[in-house]
**Q** 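Supplied in structure tokens, the structure appears directly below.
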Amino acid sequence: MIFLRSLLFNLAFYLCTAVFAIGGLPALVFGRKAILELARAWARASLWLLDVICGVKVEYRGVENIVRQGCIIASKHQSALETLALVTQVEDFTYILKRELTFIPLFGQYLLRSDQIAINRANRSAAMRRLIELAGKAIAEGRAIFIFPEGTRRPAGAPPRYKNGVNHLYAAAHAPCVPVALNSGLFWPRRTVLRRPGTTVIEFLPAIPADLPTAKFAKILQERIETASDRLIAEALAADPGLAANLVKMDRPARAAS
């Protein structure tokens with residue numbers, strides 16, 4: 001039954017995406033703000049389908065911690081789910097994403113016209129310069145910059161692999177950073193069509209103030225995200241032990257307390 005409901009959701013999700021992509025074409029004319037409104041509507045519709053068809057609900061915690069001005073929002077990344085859910089909580093945002101996504105017909109145009117930051121990961125030095133330049137401009141305009149510090153999705157329970165991009169961005173931006181913990185990989189794991197019912201939690205943690213020494217920032221960021229994500233995973237497993245099927249079982253390196 002879970003497989004059939006998951007398959008139905010995937011079909012409905014892609015149909016929903018196509019309807020919004022085609023029906024929302026006028027937003028390309030009206031510009032970035034209109035495209036962001038379209039993105040939020042698409043995200044809410046997609047999450048509604050996920051709830052109705054698969055029984056996956058999203059609970060947001062700590063939304064009072066979101067900085068309502070230019071900031072960095074650094075999120076754990078276990079699933080495609082958070083790429084949808086995060087945009088419903090922030091009014092003006094910019095994602096840092098891989099350049100290849102802008103090559104997708106029509107979808108790529110929405111990304112480019114809404115000033116999302118596309119990075120060519122094949123040239124890291126040039127990518128970092130572009131990231132700092134464009135992100136600094138976006139933060140100065142009061143936007144929230146979404147970044148996944150590990151760069152790509154990691155299975156729930158996998159050891160962390162934080163990259164230096166978020167550290168360079170933080171040092172250059174002179175802006176606070178809001179860490180985000182989650183357990184979405186238990187419900188919408190990567191590289192499978194299965195969507196397991198339950199309530200996934202996305203938790204915005206207290207902001208890290210601007211202009212800390214970079215090494216200290218990196219330590220605090222990883223510690224906060226990983227500790228809170230571990231807690232959320234344990235909470236979900238206590239409610240439904242069957243979710244352990246989507247948990248990577250391996251020894252995780254100990255983390256020093258911040």
Side-chain angles (χ1 to χ4, degrees), residues 16-17 20-21 23-48 58-77 80-99 101-102 104 106-119 127-128 130-149 165-166 168-182 184 202-211 217 221 225:
C16 173
T17 300
F20 272 90
L25 283 172
L28 291 174
V29 177
F30 290 103
R32 185 172 66 84
K33 291 293 181 68
I35 295 171
L36 297 186
E37 288 296 335
L38 179 68
R40 273 188 288 273
W42 166 65
R44 292 188 181 107
S46 300
L47 294 173
W48 179 81
V58 181
E59 177 186 345
Y60 300 96
R61 297 179 186 172
V63 292
E64 68 277 4
N65 291 320
I66 301 174
V67 178
R68 304 297 178 180
Q69 59 188 23
C71 70
I72 301 164
I73 299 181
S75 176
K76 187 72 176 170
H77 196 18
L81 188 153
E82 55 266 16
T83 62
L84 297 168
L86 288 171
V87 304
T88 68
Q89 303 301 304
V90 177
E91 181 177 350
D92 198 352
F93 63 87
T94 292
Y95 260 107
I96 295 172
L97 46 87
K98 59 185 180 181
R99 186 183 62 166
L101 292 175
T102 66
I104 299 174
L106 194 54
F107 182 73
Q109 290 302 307
Y110 283 112
L111 296 177
L112 294 172
R113 288 282 291 152
S114 60
D115 290 341
Q116 306 305 300
I117 300 175
I119 299 299
M128 187 55 57
R130 174 177 170 82
L131 167 61
I132 289 172
E133 177 187 354
L134 297 181
K137 177 177 179 291
I139 288 174
E141 293 175 353
R143 296 187 234 166
I145 300 294
F146 285 126
I147 186 170
F148 298 121
V166 66
H168 292 302
L169 173 60
Y170 171 81
H174 305 291
C177 177
V178 179
V180 180
L182 44 78
S184 58
I202 295 177
E203 183 172 352
F204 297 89
L205 304 170
I208 301 171
D211 298 320
F217 163 76
L221 179 69
I225 292 177

**Q** Could you tell me if the side chain of Ile72 sits less than 4.5 Å from the side chain of Ile139, heavy atoms only?
**A** yes
**Q** Are Arg130 and Glu133 within salt-bridge range, i.e. N to O under 4.0 Å?
**A** no
**Q** Considering all heavy atoms of both residues, which atom of Leu205 and which atom of Val178 are nearest to each other, and what is their separation?
**A** O-CG1, 3.5 Å
**Q** Does Thr83 reach the side chain of Tyr95, with side-chain heavy atoms less than 4.5 Å apart?
**A** yes
**Q** Please check if atom CZ in Phe30 has more than 12 non-hydrogen atoms from other residues, nucleotides or ligands closer than 6.0 Å.
**A** no
**Q** Got Phe93 and Ile73 here, is their nearest side-chain heavy-atom distance under 4.5 Å?
**A** no
**Q** Do Val58 and Leu84 have side chains that approach each other closer than 4.5 Å (heavy atoms only, starting at C-beta)?
**A** no
**Q** Go through it in stages, so that I can follow the logic: the residues are Asp92 and Lys33, the test is side chain to side chain contact (heavy atoms under 4.5 Å, CB included), and I'd like the CA-CA distance, side-chain angles, deciding distance and then a yes or no.
**A** CA-CA 8 Å; Asp92 198 352; Lys33 291 293 181 68; 3.6 Å; yes
**Q** Might you point out which heavy atoms bring Ile225 and Ala74 nearest each other, and give the distance in Å?
**A** CD1-O, 3.5 Å
**Q** Below 4.5 Å, heavy atoms only, C-beta onward: do Leu97 and Phe148 meet side chain to side chain?
**A** no
**Q** Side chains of Ser75 and Glu82: is there a donor and an acceptor less than 3.5 Å apart?
**A** no
**Q** Is it true that Glu141 and Lys137 make a salt bridge, defined as a side-chain N closer than 4.0 Å to a carboxylate O?
**A** yes
**Q** Taking C-beta and beyond as the side chain, do Leu106 and Leu25 meet within less than 4.5 Å on heavy atoms?
**A** yes
**Q** Kindly indicate whether the side chain of Thr94, heavy atoms from C-beta on, has any atom under 4.5 Å from the side chain of Gln116.
**A** yes
